[in-house]
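Report on the structure given below.
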Amino acid sequence: MTTPPIILASASAIRAELLTRAGLSPRLQPARIDEEAIRQAHLAEGGAVRDLAPLLASLKAARVAPRFPDALTIGADQILLCDGQVLAKPVDRADAARQLAFLSGRTHSLLTAAVVCQGQTELWRHQSEPRLTMHKLSPAFIEAYLDRTWDQVRHSVGCYQIESEGPRLFSRVEGDFFAIQGLPLIELLTWLTIRGDIAI
């Protein structure tokens, strides 16, 4: 059995690592789309927040897939939703501190979507919604935490990485660990198995 080439329409190191650890060999080919402009336009037009992650994942996959018609191209995206507000990756350290202070003591959702395209055809999509409740964090802890982790979390939605120091921030975590990291991996691998692309 030969697995078709896997293209990851992303520069995400953790998503690539998840796929690699699962025995796949993804090629990273970041999609060039203006994510923030798409988010703003979608919401301004009355689009649902819950549709944002699959919309962005689909646009990423669709942008890259036609260049690799024999491959399976994976687009993925993740939206953090807390008390009706959408949080993006922090623009700088001060923004990260503000985001952590906002999330402190609250429960937020990570809307995590993946879409697979081949050529110009969308073959599969899935969205997961883990929920995480953060401890009440003191300003001093937030600053010390960012001192230790800023280089690692600066590109992370929510300013944490669940696979490293992130777990100490939370009192409760509900949902799929892989989806928290940015990819609904179990569902993706199950679909590939059902299709016959990978063996068990």
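Everything numeric in this text was worked out from a predicted model, so none of it was measured. Values below: every heavy atom of this structure, side chains too, minus hydrogens, waters and symmetry copies.
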Margin query: I'd like to check the side chain to side chain contact (heavy atoms under 4.5 Å, CB included) partners of L59; sequence neighbours left out, ordered by chain and number.
Written below: I33, I38, L55

Next item on the list: Just jot down the side chain to side chain contact (heavy atoms under 4.5 Å, CB included) partners of A48, sequence neighbours excluded, or say none.
Entry: D51

Notebook entry, point to check: Are any of the side-chain heavy atoms of L19 and L183 separated by less than 4.5 Å?
Noted result: yes

Margin query: Could you measure the distance from the CD1 atom of I14 to the CD atom of Q152? Nearest 0.5 Å is fine.
Written below: 12.5 Å

Item checked: pair I74-I7: side-chain heavy atoms closer than 4.5 Å -> no

Notebook entry, point to check: With a 6.0 Å cut-off on ring centres, are Y160 and Y145 close enough?
Noted result: no

Next item on the list: Answer whether the closest heavy-atom distance between the side chains of Q29 and L8 falls below 4.5 Å.
Entry: no

Notebook entry, point to check: Mind checking what makes ring-ring contact (aromatic ring centres under 6.0 Å, His included) contact with F178, not counting sequence neighbours?
Noted result: none

Item checked: Pairs satisfying side chain to side chain donor-acceptor pair (under 3.5 Å), at least one member in residues 74-83, at least two apart -> K60-D77, Q78-T112, D83-R106

Notebook entry, point to check: Can you name the residues that form a side chain to side chain donor-acceptor pair (under 3.5 Å) with T20, not counting sequence neighbours?
Noted result: none

Next item on the list: Would you confirm whether R39, through its side chain, and D34, through its main-chain N or O, come within 3.5 Å as a donor-acceptor pair?
Entry: no

Check: Taking atom types as modelled, is there a side-chain donor on E129 or S109 under 3.5 Å from an acceptor on the other?
Finding: yes

Checklist line | side chain to side chain contact (heavy atoms under 4.5 Å, CB included) partners for L137, two or more places apart | finding: S104, M134, H135, F141, I142, L169

Next item on the list: Would you please classify the geometry between the W124 ring and the W191 ring as parallel, tilted or perpendicular, with 30° and 60° separating the classes?
Entry: parallel

Next item on the list: Examine the side chains of E36 and Q40 and answer whether a donor and an acceptor come within less than 3.5 Å of each other.
Entry: yes

